[in-house]
Number of protein chains: 2
Amino acid sequence: MISLANMKNLKPGDFPPEIKGLRMTRQRREVLAVILRDRDHPTANDVFLRAQKRMPTISLATIYNCLEALVTHNIVRQVNLERESSRYCPNLSDHCHFQDEKSGKIHDVVFKKGVKLEDILELPKGTEVSHLEISLKGIFGK
Amino acid sequence: MISLANMKNLKPGDFPPEIKGLRMTRQRREVLAVILRDRDHPTANDVFLRAQKRMPTISLATIYNCLEALVTHNIVRQVNLERESSRYCPNLSDHCHFQDEKSGKIHDVVFKKGVKLEDILELPKGTEVSHLEISLKGIFGK
DNA sequence: ATTACGAATTAGAATAATTCCAAATTTCGG
DNA sequence: CCGAAATTTGGAATTATTCTAATTCGTAAT
């Protein structure tokens, strides 16, 4: 599992073993470190501003490139809420997203144990789900 | 219930009674008629192209204005799939959307009878859901 | 019916997020 | 260490959507 701890002393070439076919660059390492550090579902621009602190020459285009690479390699998940800009999330376990209308904060929400999609939805025989996104908005309790 | 049939001879001022506080204009009537006619989840631009056939002077800005009015009055539902442009759906009953990767077509999918959100998700006490969107992608069976 | 006023329409400009481009740089296997 | 292939970069381009300000329209009250 990739964690902030593993990231700290990562050098080029040190990509965690589960990541195949993805070159390690300083920029990708930094983008991933930013996303693992504060797990607050930052936008590409948020990531850009944070990455710039430690790497002042990084460009926004690179942020987008890195994020795309991390997303297509299933290291990071892209989260789309309504028409807002995409956000990025290092939590790879099954979960959905709840945006609190008061604070704007996004919370990860997990499924109850044993819940299966086919128990919930009327899907025709032979349907294959490759992608599922559930997003909620409202007042988040607690 | 609003239907295409009701729409046909609608004159200004003839807005269906369940719609309060929304002025009836030729443009809104046409936009609504387009959405009710082919229930294929058109984008704003799709609606524009179709509305233009019967109303050649209508502008895209008006399409957006009308759609916004219809959406905020709960006459039409706005559907967001990934980063694509918004689509519009006249089906107001609880349902979610499945985009078939082969055809690109979007299918309405309903919940199994008796399924409640709180049975599915771990939501903290006091959570109030004001908006829920579930979207799926894959191969749609049948 | 006519009026008046707030609301809606329009074309075009503006914005925001994201993608594209082409040149310079970097990574990494051999 | 070398070289091919991938990546980074700044800036331009694109796309969906929103904004603006002038004109027109819908409707409630006369």
Side-chain angles (χ1 to χ4, degrees), chain A residues 10-17 19-34 41-52 54-73 75-76 78-88 104, chain B residues 10-17 19-34 41-52 54-73 75-76 78-88 106:
Chain A
L10 230 46
K11 298 176 291 301
D14 281 352
F15 238 125
I19 306 169
K20 291 290 184 204
L22 184 58
R23 263 187 201 186
M24 176 48 101
T25 63
R26 288 187 309 128
Q27 291 83 349
R28 284 179 181 168
R29 197 167 351 114
E30 179 57 28
V31 166
L32 179 51
V34 163
H41 303 89
T43 64
N45 198 57
D46 293 336
V47 174
F48 178 48
L49 296 174
R50 293 174 198 179
Q52 265 188 327
R54 304 223 281 125
M55 196 180 275
T57 61
I58 199 170
S59 82
L60 183 54
T62 299
I63 301 292
Y64 276 102
N65 290 340
C66 292
L67 289 171
E68 188 192 6
L70 295 171
V71 167
T72 60
H73 285 76
I75 299 162
V76 160
Q78 183 171 17
V79 177
N80 298 118
L81 300 175
E82 314 249 286
R83 304 258 80 223
E84 297 179 10
S85 26
S86 287
R87 296 169 176 279
Y88 297 87
Chain B
L10 231 45
K11 297 176 293 303
D14 281 351
F15 238 122
I19 305 172
K20 291 290 185 205
L22 184 60
R23 266 192 199 179
M24 178 47 105
T25 63
R26 289 187 307 129
Q27 290 84 346
R28 285 178 181 168
R29 197 164 354 111
E30 179 58 26
V31 166
L32 181 50
V34 164
H41 304 88
T43 64
N45 198 58
D46 295 334
V47 174
F48 178 48
L49 296 174
R50 294 174 197 177
Q52 265 187 327
R54 302 225 280 124
M55 196 180 277
T57 62
I58 199 168
S59 81
L60 182 55
T62 299
I63 302 292
Y64 276 102
N65 290 338
C66 292
L67 289 171
E68 188 193 4
L70 295 170
V71 167
T72 60
H73 285 77
I75 298 161
V76 160
Q78 184 171 16
V79 177
N80 298 118
L81 301 176
E82 315 249 289
R83 305 257 78 226
E84 296 178 10
S85 25
S86 287
R87 296 170 175 279
Y88 297 87
I106 291 158

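Quick note on labels: first sequence line is chain A, next is B, and so on, each numbered from 1.
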Participant: Of B:Ile63 and A:Glu84, whose closest DNA chain C nucleotide lies nearer the 5' terminus?
Facilitator: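 Here B:Ile63 is the residue nearer the 5' end.
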
Participant: By the 4.0 Å heavy-atom rule, please label B:Ser85 as base, sugar-phosphate, or nothing.
Facilitator: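 It contacts sugar-phosphate atoms only.
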
Participant: Contact class for B:Ser86 vs. all strands (heavy atom < 4.0 Å): base, sugar-phosphate, or nothing?
Facilitator: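 Here B:Ser86 touches the backbone only, sparing every base.
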
Participant: Starting at the 5' end of DNA chain D and moving along, which residue's nearest nucleotide shows up first, A:Ser59 or B:Gln78?
Facilitator: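 Between the two, 5'-proximity favours A:Ser59.
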
Participant: Tell me: CD1 of B:Ile58 to P of D:dT24, nearest whole Å?
Facilitator: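 After rounding, the reported distance stands at 17 Å.
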
Participant: Could you state the CG-C1' distance from B:Asn80 to D:dT15, rounded to the nearest angstrom?
Facilitator: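 Roughly 15 Å, once rounded to whole Å.
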
Participant: Measure from CZ on B:Arg29 to P on D:dC25 and round the result to the nearest Å.
Facilitator: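 Atom CZ in B:Arg29 sits about 13 Å away from atom P in D:dC25.
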
Participant: Just how far, in rounded Å, is C1' of D:dT27 from CZ of B:Arg28?
Facilitator: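 Atom-to-atom, B:Arg28 to D:dT27, this comes out as 13 Å.
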
Participant: Rounding to a whole Å, what distance do you find between B:Arg87:CZ and D:dA16:C1'?
Facilitator: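 Between C1' of D:dA16 and CZ of B:Arg87: 13 Å.
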
Participant: For D:dT9, does either OP1 or OP2 sit under 4.0 Å from a side-chain N or O belonging to A:Gln27?
Facilitator: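 So the side chain of A:Gln27 is within the cut-off, an N or O lying under 4.0 Å from OP1 or OP2 of D:dT9.
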
Participant: To the nearest Å, how far apart are A:Leu67 CG and C:dT19 C1'?
Facilitator: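 The answer, rounded to whole Å, is 14 Å.
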
Participant: Rounded at 0.5 Å granularity, tell me how far CD in A:Gln78 sits from OG in A:Ser86.
Facilitator: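 That separation rounds to 4.0 Å.
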
Participant: Measure the CD1-CE distance between A:Ile63 and A:Met55 for me, rounded to the nearest 0.5 Å.
Facilitator: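 If I round to the nearest 0.5 Å, the distance is 8.5 Å.
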
Participant: OP1 or OP2 of D:dT8 less than 4.0 angstrom from a side-chain nitrogen or oxygen of A:Thr25, does that happen here?
Facilitator: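 The answer is yes; a side-chain N or O of A:Thr25 sits under 4.0 Å from OP1 or OP2.
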
Participant: For A:Thr57, which contact category applies under a 4.0 Å heavy-atom criterion: base, sugar-phosphate, or nothing?
Facilitator: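 Answer is sugar-phosphate: A:Thr57 comes under 4.0 Å of backbone atoms only.
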
Participant: Rounded off to whole Å, could you give me the CE-to-P distance for the B:Met24 and D:dT27 pair?
Facilitator: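 Nearest whole value for this atom pair: 9 Å.
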
Participant: Does a side-chain N or O from B:Tyr64 land closer than 4.0 Å to OP1 or OP2 of D:dT18, or not?
Facilitator: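 Checking B:Tyr64 against D:dT18: no side-chain N or O falls below 4.0 Å of OP1 or OP2.
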
Participant: With nearest nucleotides of DNA chain C determined for A:Asn65 and A:Asn45 from heavy-atom distances, which residue corresponds to the more 5′ nucleotide?
Facilitator: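 Result of the comparison: A:Asn45.
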
Participant: Can you tell me how far apart CG (A:Asp46) and NE2 (A:His41) are? Round to the nearest 0.5 Å.
Facilitator: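 Answer rounded to 0.5 Å: 12.0 Å.
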
Participant: Between C:dA17 atom C1' and B:Arg83 atom CZ, what is the distance in whole Å?
Facilitator: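 Atom-to-atom, B:Arg83 to C:dA17, this comes out as 7 Å.
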
Participant: Is any side-chain N or O of A:Arg23 under 3.5 Å from a base N or O of C:dT27, one able to act as donor and the other as acceptor?
Facilitator: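 By the distance-only test, yes, there is a pair.
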
Participant: Between B:Leu70 and B:Leu22, does a side chain to side chain contact (heavy atoms under 4.5 Å, CB included) hold up when you go through it step by step?
Facilitator: CA-CA 9 Å; B:Leu70 295 170; B:Leu22 184 60; 4.3 Å; yes

Participant: To the nearest 0.5 Å, how far apart are CG in A:Asn45 and CZ in A:Arg50?
Facilitator: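 So the CG of A:Asn45 and the CZ of A:Arg50 are separated by 10.5 Å.
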
